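Basis for what follows: all heavy atoms, side chains included, without hydrogens, waters or symmetry-related copies. Naming convention: chains lettered A, B, ... in sequence-line order (proteins, then strands); numbering from 1 in each chain. Note that the coordinates shown come from a computational prediction; the quantities given were computed from them, not determined experimentally.
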Amino acid sequence: MGSGALDAARILGASLDALVRSMRTAAQRPTVAAERCLQYWKQVADPTMTVLALSLKVDGKVALEVNAEQGRFVLPLFLSGVQSLAPREEATVEDLILLAEQFARLGPTVTSIKALENWFFADGAECFDVKMSHSFIERVGDDADLGKRLEAALIASRLSAVGSSARVIATEELSQAALREEFDVPLDLYAQSSSKRPVTVNEQERSSIKNASDDEGVWLEAELTLALSGKHAESVIAPTRLARRIRYAFAQGHITLGLLFWDRLRKRSDPFAIDARKYLETADLGVALGRALGAGTLLPSHVKELVALCTDEMCIHLGKEYVRRETGSFAALPMLVSEKPQFVGAWASAAFTTEAVLSMIEALSMSDGAQGDAFLALLGAVSPQRLAAVLEVVPIALLEKSAGKLGAFVTSLSAPQRSDALRRCTGSDTLMAEFVIPHLRQTHAKGLVGRELYNLCKSLLRIPAGRALVGELALDVRSSEDARLVMIDVASQVPDLKAKLCRFRFSMVMDPPAVANKIRALKKEAQ
Amino acid sequence: VTSLAPKSEGDAQATLQVLERLFALARVGTQYKSGHPSLTGAADATRAAIAEAAPPFSISFVQGAVFRKGQLVPMLPETYEKCVWLAQCLARLNIHEITFEPEMTTTDLAVLGEVLGGHGKGSDAFADVRIKGFSFRELVTATRGVETSTVDAEVFAAAQIALAVQECEELTAGDPEAPWPFESALGIVRRIERAVLADDKTALRTLELAAGGFTPARKLLSLGLRTMLLLLAAGTSLPTRRALTHLGLVLGFFLKTRGGSPIEIAATRGFASFLRRENAGTEPHRIHVSSMLFVLSTRPREAWPTALGAVDLSYQLELARSPEKFSFDLASIDLLAMAVSKLATGERARWVRLLVDALGTVPPGSVVILRDGRRAIVVGPSESSGDPFRPVVMVAGERFTADAHVKLVFEPYLAKARN
């Protein structure tokens with residue numbers, strides 16, 4: 001362990017001390033100080049903080065030493081019985097602030113030390129692993145004499161009473177009691193039946209009771225119901241706690257519960273609900289939900305309800321997180337895209353695999369309404385490397401919806417890719433008219449050569465406008481020499497285009513020799 | 001038990017003064033022998049501080065902390081450092097607890113200062129020195145790192161229950177319309193938990209053997225203890241056990257001297273008192289308790305979560321403990337017999353079986369008759385006999401396994417004895 005570890009421990013100790021002090025003095029919640037402290041704490045290799053009487057240690061190094069200025073909370077903390085504490089992975093800034101708030105209340109009084117002990121006992125530091133010794137508040141367990149004296153006195157007292165009570169309680173009263181059904185349980189019968197058939201619990205039954213009793217969903221449901229019951233639950237449950245529990249419901253797979261209570265929360269507009277929503281509806285919940293959706297904890301069937309509850313920012317984060325992975329299914333995308341097509345571009349920008357993008361495209365093509373803009377946003381978001389693969393499989397119908405704006409995207413493709421993309425679009429009259437022909441006319445088929453261009457031009461011949469374009473570009477001096485040669489080849493296979501090629505043009509004088517020779521050969525052939 | 005009642009912060013302040021003076025005395029004792037004016041001056045100041053602190057009292061130095069009559073003496077770090085030094089001086093002499101009587105004189109204290117200061121003869125320094133009004137002893141658990149588990153578990157459990165009874169008395173003396181005394185109840189839950197984990201049989205026995213009838217306080221504790229035992233037998237998690245034991249205390253608070261309200265009514269009242277507080281809580285335990293109170297008071301029995309079965313069964317038994325119109329209280333064995341024959345129906349049957357599992361067929365503390373006709377108290381099940389009707393019993397301080405099946409006795413508690 002080098003000086004780095006020592007520094008890290010010291011920095012953490014100082015930041016915790018500063019946080020506790022600012023909890024005592026600052027008018028506002030010291031969120032920034034808490035953020036910094038939690039960051040330091042989580043960065044330490046072993047975040048277990050050992051509490052000694054006059055110092056705190058982290059990773060075996062002294063983090064904070066008590067003196068007249070700092071660490072005034074350490075001794076009372078030690079005396080409350082805390083031996084060590086460490087933040088769990090899920091600990092948030094809010095959790096640390098709660099902890100620091102308790103530390104700030106500590107002083108050299110039994111009351112404050114006991115209050116802290118109670119707070120820990122009541123799971124107040126639920127996002128920290130806390131190791132506690134038996135409290136220092138009292139030392140009763142050491143007093144062996146007390147216990148022995150106590151038991152001896154109790155036994156003597158009971159045994160002296162034994163035998164006498166039957167004499168003191170009137171026989172009549174006992175008879176009356178025996179007549180009452182609830183008391184009609186002679187101990188002899190109990191002994192007999194227990195001897196014959198001992199009452200036992202099998203392990204399966206025990207386990208079933210344990211699981212049902214500890215069922216997190218049951219506790220959650222009860223807590224959330226109370227929180228939103230409107231029965232002054234605010235005095236028991238803080239808005240932050242409510243928000244945390246709804247998050248927890250999602251994290252632990254109690255999705256229906258989470259959705260139900262979030263929905264109830266949204267339907268309320270009182271200050272408590274508004275406050276709780278402020279803590280709940282944050283970008284990081286969107287991320288967590290996206291992760292849960294990817295992990296399968298959240299099902300695609302939940303998506304519709306979920307996105308209806310999410311803010312736009314949350315939806316964006318949710319979708320981004322969902323597509324930001326290498327493997328797994330993207331079964332939720334159709335529902336996501338159908339519900340929030342406006343965020344497709346944002347999601348596509350975060351997609352880790354082409355498969356995710358293609359799933360979005362598929363979803364777009366299946367959904368009703370104006371998907372054109374969403375599709376264009378998606379195209380704008382995908383990388384040029386992925387664009388070709390995307391365009392290869394985009395349904396023609398979807399391409400048609402944004403035909404007029406496709407040109408801008410294909411220019412970034414390599415010549416063969418562009419050629420393929422364009423040729424695919426020649427299958428649609430709409431795409432031909434609104435995308436392929438205008439694009440080629442505008443670019444003069446720049447960069448397209450050889451077999452790719454030949455095949456593209458052959459496809460263009462399918463409709464009159466395409467044929468006209470081939471003829472036009474074949475004679476256009478702004479087209480490259482190679483492209484023109486290919487197009488002349490293609491055009492010469494169509495009689496009226498061939499005739500057009502053979503006609504006299506003033507621009508002939510500007511034709512490159514190869515083009516001029518080719519046209520001359522065609523003319524000879526025609527004669 | 002009374003001597004362990006929490007002391008005021010004022011007592012702590014006076015004790016701190018004594019510690020400060022004692023520290024000064026020992027320091028001066030390192031330089032001077034008795035008879036020197038400096039040591040006499042320090043001894044006189046110490047005597048005055050002791051007189052102010054209302055002797056007699058004992059101060060223990062245990063596991064890095066200082067206690068007066070078993071209660072922690074909180075202090076500032078500066079004082080703590082002095083106490084550590086003082087504790088080291090005492091530890092050298094194998095002393096961990098010192099007791100001051102009112103009759104201490106300046107001369108005696110000067111001698112004490114001299115010994116503490118190191119002028120004595122090592123660990124036997126007090127062997128030839130008699131200081132009037134001053135006594136000391138060594139504590140087994142005083143050394144750092146020695147846990148309370150080294151203390152006899154039975155003793156620990158019995159003491160925890162005895163203290164819990166006392167605290168329950170204080171709790172039940174409170175105003176039912178006042179906010180729920182959460183911190184006090186939490187302290188009782190902690191005592192129950194410690195007692196049960198240390199020695200559940202002793203915990204049961206101690207409560208069962210307490211003198212007199214079952215006061216509301218004793219029933220309250222019995223309810224909590226039984227709930228904790230049931231949940232432990234089921235193997236539930238710590239938060240579940242704590243929350244439901246606390247819930248049991250809230251419900252038990254509304255049990256009357258004889259009889260009581262149905263559990264739903266007790267829950268409604270308990271919930272109302274739980275809500276009577278100023279600040280929102282953040283501890284999960286508090287919320288768990290209140291949410292289960294809410295469930296009990298608002299939902300039909302069929303919709304109660306399984307876990308509430310433990311509290312419900314415990315509550316029903318305590319409700320039956322002191323039957324109305326009668327002057328006696330039933331013992332645990334009577335309640336257990338009643339549970340097995342009358343309450344083991346439907347969903348509750350599982351909890352009844354767990355109850356027998358947790359308490360044993362013949363619960364500790366029950367009065368039984370041995371084959372030779374002697375009356376005995378059941379200490380707990382016997383491992384050697386393996387027969388629930390041949391438990392370990394106690395007669396006149398002697399413990400042994402019953403040599404034959406014991407006879408169960410209907411031995412109710414005399415309610416009038418509680419006066």
Of the non-hydrogen atoms in [X] and [Y], which two are nearest, and what is the gap between them?
X        : Y        : result
B/Arg299 : A/Ala222 : NH2-CA, 4.5 Å
A/Leu79  : B/Pro74  : CD1-CA, 4.5 Å
A/Ala122 : B/Glu283 : O-CB, 3.3 Å
A/Asn118 : B/Leu186 : O-CD2, 3.3 Å
A/Thr200 : B/Arg353 : O-CD, 3.1 Å
A/Lys210 : B/Ala234 : CB-O, 3.1 Å

Electrostatic pair A/Glu223-B/Arg286, nearest N-O below 4.0 angstrom: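 Looking at A/Glu223 and B/Arg286, the cut-off is not met.
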Ion pair check, A/Arg206 and B/Asp357, cut-off under 4.0 Å: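 Judged by the 4.0 Å cut-off on N to carboxylate O distance, A/Arg206 and B/Asp357 do form a salt bridge.
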Is it the backbone or the side chain of [X] that comes under 4.5 Å from a heavy atom of chain A, or both, or neither?
X        : result
B/His405 : side chain
B/Ile333 : both
B/Ala198 : neither
B/Val289 : neither

Nearest 0.5 angstrom please: [X] [atom1] to [Y] [atom2], how far?
X        : Y        : atom1 : atom2 : result
B/Ser184 : A/Lys114 : OG    : NZ    : 7.5 Å
A/Leu189 : B/Leu408 : CG    : CG    : 11.0 Å
B/Phe274 : A/Leu226 : CZ    : CG    : 10.5 Å
B/His288 : A/Leu220 : NE2   : CG    : 7.5 Å
A/Glu117 : B/Glu183 : CD    : CD    : 10.5 Å

Side-chain H-bond candidate by donor/acceptor type, B/Thr236 with A/Asp214, under 3.5 Å: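 Side-chain D/A pair, B/Thr236 to A/Asp214: absent.
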Expected output: side-chain B/Arg242 to main-chain A/Asp123 donor-acceptor under 3.5 Å: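 No, because the side chain of B/Arg242 does not come within donor-acceptor range (under 3.5 Å) of the backbone of A/Asp123.
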Short side-chain to backbone donor-acceptor contact, A/Tyr190 and B/Thr361, under 3.5 Å: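 Side chain of A/Tyr190 to backbone of B/Thr361: a pair is present.
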All salt bridge (Lys or Arg N to Asp or Glu O under 4.0 Å) counterparts of A/Glu101, not counting sequence neighbours: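 A/Glu101: no salt bridge (Lys or Arg N to Asp or Glu O under 4.0 Å) contacts found.
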Which portion of A/Leu98 sits near chain B, non-hydrogen atoms under 4.5 angstrom: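 Contact with chain B: side chain only.
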Contacting region of A/Ser195 [heavy-atom separation from chain B under 4.5 Å]: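 The answer is both parts of A/Ser195.
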Non-hydrogen side-chain atoms of A/Val218 and B/Trp304 separated by less than 4.5 Å: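 With C-beta onward as the side chain, the pair stays apart.
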Contact winner vs chain B - A/Val74, A/Leu224, A/Thr240, A/Thr225, heavy-atom pairs under 4.5 Å: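 If we count pairs closer than 4.5 Å to chain B, A/Thr225 comes out on top.
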